[in-house]
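One structure below.
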Amino acid sequence: MTFVQRVTTLSALSLLAACFGACASATRPAGADRPRANEPPRFALLGASDERRAAALANWKAVVGEQAAAAAPTPELSPVTATLRTLPA
């Protein structure tokens with residue numbers, strides 16, 4: 001590649017990157033449905049569920065194995081998410 005081709009290619013790529021950057025920032029205008037800076041973030045509410053706890057224990061048995069899970073103590077689960085809080089000893 002000659003020097004002129006390199007400079008032309010570099011300037012074309014720079015112009016293209018600037019154009020895409022400008023288009024990307026203009027595609028999503030700030031709407032009324034977005035949280036404002038002075039508002040707390042919105043989170044999905046999740047309540048404790050016996051179904052979620054039973055599914056987590058069933059998955060634990062599948063990972064450990066049925067016979068090892070029967071001999072081992074039940075793992076301690078977080079109350080709402082039903083994820084492992086600590087591994088059983």
Side-chain angles (χ1 to χ4, degrees):
M1 243 186 192
T2 65
F3 178 73
V4 174
Q5 288 175 334
R6 286 182 186 168
V7 170
T8 305
T9 304
L10 180 63
S11 48
L13 288 176
S14 299
L15 183 64
L16 191 62
C19 181
F20 281 143
C23 291
S25 65
T27 56
R28 298 191 73 189
D33 59 338
R34 290 186 166 187
R36 306 260 187 249
N38 59 352
E39 294 177 357
R42 300 179 200 142
F43 294 102
L45 297 177
L46 182 68
S49 169
D50 290 333
E51 294 173 2
R52 192 177 305 111
R53 180 174 172 76
L57 290 175
N59 287 338
W60 173 254
K61 286 182 181 181
V63 168
V64 175
E66 286 293 327
Q67 295 191 1
T74 307
E76 183 180 347
L77 301 176
S78 296
V80 175
T81 60
T83 55
L84 289 176
R85 183 175 289 173
T86 59
L87 292 174

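As a basis for the values below, the full set of heavy atoms in this structure was taken, side chains included, without hydrogen atoms, waters or symmetry mates.
- For S14, the side chain to side chain contact (heavy atoms under 4.5 Å, CB included) test picks out L10, with sequence neighbours left out.
- In terms of heavy-atom proximity, A56 sits nearest to A82 at CB-O, 3.2 Å.
- Of all heavy-atom pairs spanning L84 and P75, the tightest one is CD2-CB, 3.3 Å.
- With sequence neighbours excluded, no residue forms a side-chain hydrogen bond (donor to acceptor under 3.5 Å, both in side chains) with R52.
- Once rounded to the nearest 0.5 Å, the distance linking CZ of R53 with OG of S78 reads 10.0 Å.
- Looking at every heavy atom in both residues, A48 comes nearest to P79 through CB-O, 3.6 Å.
- Remark: E51 pairs with S49 by the side chain to side chain contact (heavy atoms under 4.5 Å, CB included) rule, at least two apart or across chains.
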